[in-house]
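As C-alpha cells, the structure follows; a few thoughts come after it.
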Amino acid sequence: MPKQKTHKGAAKRFKVTGGGKVTRHQSMKSHILTKKTTKRKRKLRKSVEVSPAFAGTLKEMLHK
C-alpha cells in the first residue's frame, strides 16, 4: 500500500506541537480592524488549540 500524502492545504494552516496537540491561527484579523479593540486584536495574534472533535481528522491529514 502506498504512503499517505500530506494534505497541503491543511499543512499550511495547522501545526502539530511536540506534545501532539494541533494548533491553528485565529480568524478575524485581516481587515475591518478599526472597530476592533486593541485588546481583541492582540488576543487574535496567538495560536489556539484545535477542538478535540477535529484534531483526530487533522492528524490523519498531516499524518503525524
Side-chain angles (χ1 to χ4, degrees):
M1 193 156 164
K3 289 184 181 178
Q4 184 179 353
K5 287 190 175 184
T6 301
H7 189 293
K8 290 300 185 180
K12 290 167 189 175
R13 291 169 174 84
F14 304 98
K15 183 183 154 197
V16 181
T17 64
K21 295 175 183 174
V22 185
T23 59
R24 65 171 175 84
H25 289 291
Q26 299 194 75
S27 59
M28 311 298 170
K29 188 70 170 51
S30 57
H31 62 104
I32 315 176
L33 298 171
T34 51
K35 63 175 80 169
K36 294 170 188 157
T37 64
T38 309
K39 181 181 178 181
R40 184 171 160 195
K41 289 184 278 191
R42 186 169 59 244
K43 285 184 179 276
L44 287 171
R45 278 183 216 150
K46 294 199 170 186
S47 298
V48 289
E49 196 180 331
V50 170
S51 70
F54 194 45
T57 308
L58 280 169
K59 279 186 187 175
E60 276 185 34
M61 292 166 100
L62 303 170
H63 60 84
K64 293 197 177 177

Sequence neighbours excluded and cut-off under 3.5 Å, please list the side-chain donor-acceptor pairs for residues 11-21, or say none.
residue: Arg13; atom: NH1; partner: Gly9; partner atom: O; Å: 2.9
residue: Thr17; atom: OG1; partner: Lys21; partner atom: N; Å: 3.1
residue: Thr17; atom: OG1; partner: Lys21; partner atom: O; Å: 3.2

If Ile, Leu, Val, Met, Phe, Trp and Tyr residues are connected whenever their side-chain heavy atoms lie under 4.5 Å apart, and connections chain through other members, are Val50 and Val48 in the same group?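 No, it is not one cluster - the side chains of Val50 and Val48 are not joined through contacts under 4.5 Å.
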Separation between [atom1] of [X] and [atom2] of [Y], rounded to the nearest 0.5 Å:
{"X": "Gln26", "Y": "Arg45", "atom1": "CD", "atom2": "CZ", "answer": "12.0 Å"}
{"X": "Lys36", "Y": "Leu44", "atom1": "NZ", "atom2": "CG", "answer": "7.0 Å"}
{"X": "Arg42", "Y": "Lys29", "atom1": "CZ", "atom2": "NZ", "answer": "11.0 Å"}

Closest non-hydrogen atom pair, [X] against [Y]:
{"X": "Gln4", "Y": "His63", "answer": "O-NE2, 3.3 Å"}
{"X": "Ser47", "Y": "Thr23", "answer": "CB-CB, 4.4 Å"}
{"X": "Met28", "Y": "Leu33", "answer": "O-CD2, 4.2 Å"}

Neighbour count >12 (heavy atoms, 6.0 Å) for atom NZ, Lys43: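 No, NZ of Lys43 has 12 or fewer neighbouring heavy atoms, counting only those of other groups under 6.0 Å.
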